[in-house]
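These notes concern the structure reproduced below.
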Number of protein chains: 2
Amino acid sequence: MSNKVAADSRRRGTRSAANASVNGSPGHGIDLGLLPSLLGYQLRLAQRAVFSDFADALGELEVSPGLFGMLVVIEANPGLKQSQLAKAAHLDRSTLVPALDKLEARGLVMRRASEHDRRVNGLWLTEPGTALLKTLKQRVARHEQRLAHRLSRSERNQLIALLARIFPDRR
Amino acid sequence: MSNKVAADSRRRGTRSAANASVNGSPGHGIDLGLLPSLLGYQLRLAQRAVFSDFADALGELEVSPGLFGMLVVIEANPGLKQSQLAKAAHLDRSTLVPALDKLEARGLVMRRASEHDRRVNGLWLTEPGTALLKTLKQRVARHEQRLAHRLSRSERNQLIALLARIFPDRR
DNA sequence: TATTGTTATACTCTATAACTATA
DNA sequence: TATAGTTATAGAGTATAACAATA
């Protein structure tokens, strides 16, 4: 059976066994088969590494990548409504509620009912929210540097460009 | 404040507003600020797209990327023990238990107690498990093709290589 | 009727701690 | 004592369905 895997790999112009030792793959002697040749697999590992490093970088500030993104988007679009933020974050509007509750409870974000349409909550950063975000951005910048320290700037830019091209149109 | 973001972007040699319209970013007119210039953000979006396409590709077979990976590794390492599979999959050994329960309940995988050390379960694919995995691999190959249809083969290979280089040594 | 925010609920994925049976 | 597998439990993160207020 593993010759079948090898055959598949040969056809694709990759070699999984070789990959396994070249690849950042674990040194525990387990054969990962075709996994290292799969985009989805590499993406999952890379994201795991990135999230873990992000958490280290922000440390005691206790802001997840998702919450950081929300702060950035609110700052860039003061007064936007929850449903707009949900769409920008690719989240259901019900999913956003507890996240905003958290940000509001920490005094970083304000919901303010619209005067024109009283169904709507506009979202603003508070002054402490703006201040914290400034610090967060500095840490995130350092995190990005650390992450990509094995890549040249042009490789990093190319990586981002390649990633951005993968998305199916629908998403 | 958004001029600050722009300044950051300028310093980094990227332009987030331009990115936002070039990037597969949403057409809902919300400014994503510096997010599109961040590796972690692009990685998250790319992984979302990949997982969704993976699910479509495997459809009624109802096998997640994680379960697929386990089947591949068990096939490549017949008889490996649970703790080895957990390590290869970057999971706690307790996390593996319900996943294997599922695979065993579906008749795809067998746990067999070792004769040498009765604490150990060796893992094997069943005959139906091997047969299903063959089908899964075909679907995954098509999924990978579909995913990367905007990239040339060399771009795809380069993307995988760049991703593999991001990992911090520790992981 | 449709939209906005909310609640209740549930599902997936993951981890930690404590247990058991072995070694 | 240490290891392998298991259980109980909990915490993110996410979604769907139904609701109240408002348009």
Side-chain angles (χ1 to χ4, degrees), chain A residues 28 30 40-41 43-45 47-52 54-55 58 62-70 74 79-105 109-124 171, chain B residues 28 30 40-41 43-45 47-52 54-55 58 62-70 74 79-105 109-124 171:
Chain A
H28 46 52
I30 298 296
Y41 178 79
L43 233 24
R44 185 156 56 101
L45 284 193
Q47 207 197 4
R48 172 186 281 271
V50 168
F51 271 53
S52 148
F54 186 100
L58 270 50
E62 295 282 351
V63 177
S64 68
L67 293 184
F68 172 73
M70 290 175 203
I74 294 170
L80 88 169
K81 50 185 195 173
Q82 293 186 199
S83 51
Q84 289 177 307
L85 178 55
K87 204 167 185 178
H90 305 282
L91 295 174
D92 189 87
R93 64 196 201 280
S94 71
T95 303
L96 207 63
V97 173
L100 287 174
D101 289 348
K102 211 179 296 184
L103 293 175
E104 212 176 24
V109 164
M110 281 174 21
R111 286 161 159 124
R112 215 171 64 202
S114 161
E115 295 157 1
H116 312 299
D117 182 342
R118 284 159 53 211
R119 295 170 303 183
V120 167
N121 285 341
L123 301 174
W124 279 267
R171 289 249 150 189
Chain B
H28 46 51
I30 298 295
Y41 178 80
L43 232 25
R44 186 157 54 101
L45 285 192
Q47 207 198 3
R48 173 187 282 271
V50 168
F51 271 53
S52 148
F54 186 99
L58 270 51
E62 295 283 351
V63 177
S64 68
L67 294 184
F68 172 72
M70 289 175 203
I74 294 170
L80 88 170
K81 50 185 196 174
Q82 294 187 198
S83 50
Q84 288 177 307
L85 178 55
K87 203 167 189 179
H90 305 281
L91 295 174
D92 189 88
R93 65 199 202 278
S94 71
T95 302
L96 206 65
V97 173
L100 287 174
D101 289 347
K102 209 179 297 184
L103 293 175
E104 211 175 25
V109 164
M110 280 174 24
R111 287 163 159 120
R112 216 171 63 203
S114 161
E115 294 157 0
H116 312 298
D117 182 342
R118 282 159 52 210
R119 295 171 301 183
V120 168
N121 284 340
L123 301 174
W124 280 266
R171 283 260 147 187

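Every chain is numbered from 1, with letters handed out A, B, ... down the list of sequences. If you're wondering where the values come from, they're calculated on a predicted model, not measured in any experiment. No hydrogens, no waters, no symmetry mates; every other heavy atom, side chains included, goes into these values.
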> Within this structure, what is the NZ-to-P distance between A:K87 and D:dA15, rounded to whole angstrom?
Replying inline: 15 Å

> What nucleic acid atoms does B:R118 come within less than 4.0 Å of, heavy atoms only: base, sugar-phosphate, or nothing?
Replying inline: sugar-phosphate

>> So A:L96, base contact, sugar-phosphate only, or nothing? Heavy-atom distance under 4.0 Å.
In response: nothing

>> Starting the side chain at C-beta, find the nucleotide from C:dT6, D:dG13, C:dA23 nearest to A:K102.
In response: D:dG13

>> What is the distance, to the nearest angstrom, from the NE2 atom on A:H116 to the P atom on C:dT4?
In response: 15 Å

>> Just the rounded figure in Å: distance from P of D:dG13 to CG of A:L103.
In response: 11 Å

>> Tell me the interatomic distance from B:F51, atom CZ, to C:dC13, atom C1', rounded to whole angstroms.
In response: 11 Å

>> For a quick test of reading the model: is some side-chain N or O of A:K81 closer than 4.0 Å to OP1 or OP2 of C:dG5?
In response: no

> Of all heavy-atom pairs between A:R48 and B:A89, which one has the smallest distance, and what is that distance?
Replying inline: NH2-O, 4.3 Å

> Taking A:E104 for the side chain and A:R111 for the main chain, is one N or O donor matched with an acceptor at less than 3.5 Å?
Replying inline: yes

> Quick one: is D:dA15 close enough that its OP1 or OP2 comes under 4.0 Å of any side-chain N or O from A:T95?
Replying inline: yes

> Which atoms form the tightest heavy-atom contact between A:F54 and A:P65, and what is the distance?
Replying inline: CE2-N, 3.5 Å

> Could you give the CZ-to-P distance, from B:R48 to C:dT12, as a whole number of Å?
Replying inline: 18 Å

> Is the distance from OP1 or OP2 of D:dT3 to the nearest side-chain N or O of B:R119 less than 4.0 Å?
Replying inline: no

>> From C-beta outward on A:R93, which listed nucleotide comes closest to its side chain: C:dA18, C:dC13, C:dT4?
In response: C:dT4

> Taking the nucleotide of DNA chain C with the closest heavy atom to each, which residue, A:V97 or A:R44, is nearer the 5' end?
Replying inline: A:V97

> Taking atom P of C:dT4 as reference, at what distance in whole Å does atom CG of A:L100 sit?
Replying inline: 15 Å

> D:dA4 phosphate, OP1 or OP2: any side-chain N/O from B:R111 under 4.0 angstrom?
Replying inline: no

> Between C:dA15 atom C1' and B:H90 atom NE2, what is the distance in whole Å?
Replying inline: 16 Å

> Atom CD of B:E62 to atom P of C:dC11: distance rounded to whole Å?
Replying inline: 14 Å

> Counting only distance, no hydrogens or angles, is the base of D:dT16 paired donor-acceptor with the side chain of A:S94 under 3.5 Å?
Replying inline: yes

> Where is the tightest heavy-atom contact between B:F68 and B:V63, given as atom of each residue plus distance?
Replying inline: N-CG1, 3.5 Å

>> For B:S83 and A:D92, find the nucleotide of DNA chain D closest to each by heavy atoms; which residue's nucleotide sits nearer the 5' end?
In response: B:S83

>> Applying the side chain to side chain contact (heavy atoms under 4.5 Å, CB included) criterion to A:V97, which one of A:D101, A:L100, A:T95 satisfies it?
In response: A:D101

> Looking at the side chain of A:S64, which of C:dA15, D:dG13, D:dT22 is the nearest nucleotide?
Replying inline: D:dG13

> OP1 or OP2 of C:dT3 sitting under 4.0 Å from any side-chain N/O of A:Q82?
Replying inline: no

> Does any non-hydrogen side-chain atom of A:L85 lie less than 4.5 Å from one of A:Q82?
Replying inline: no

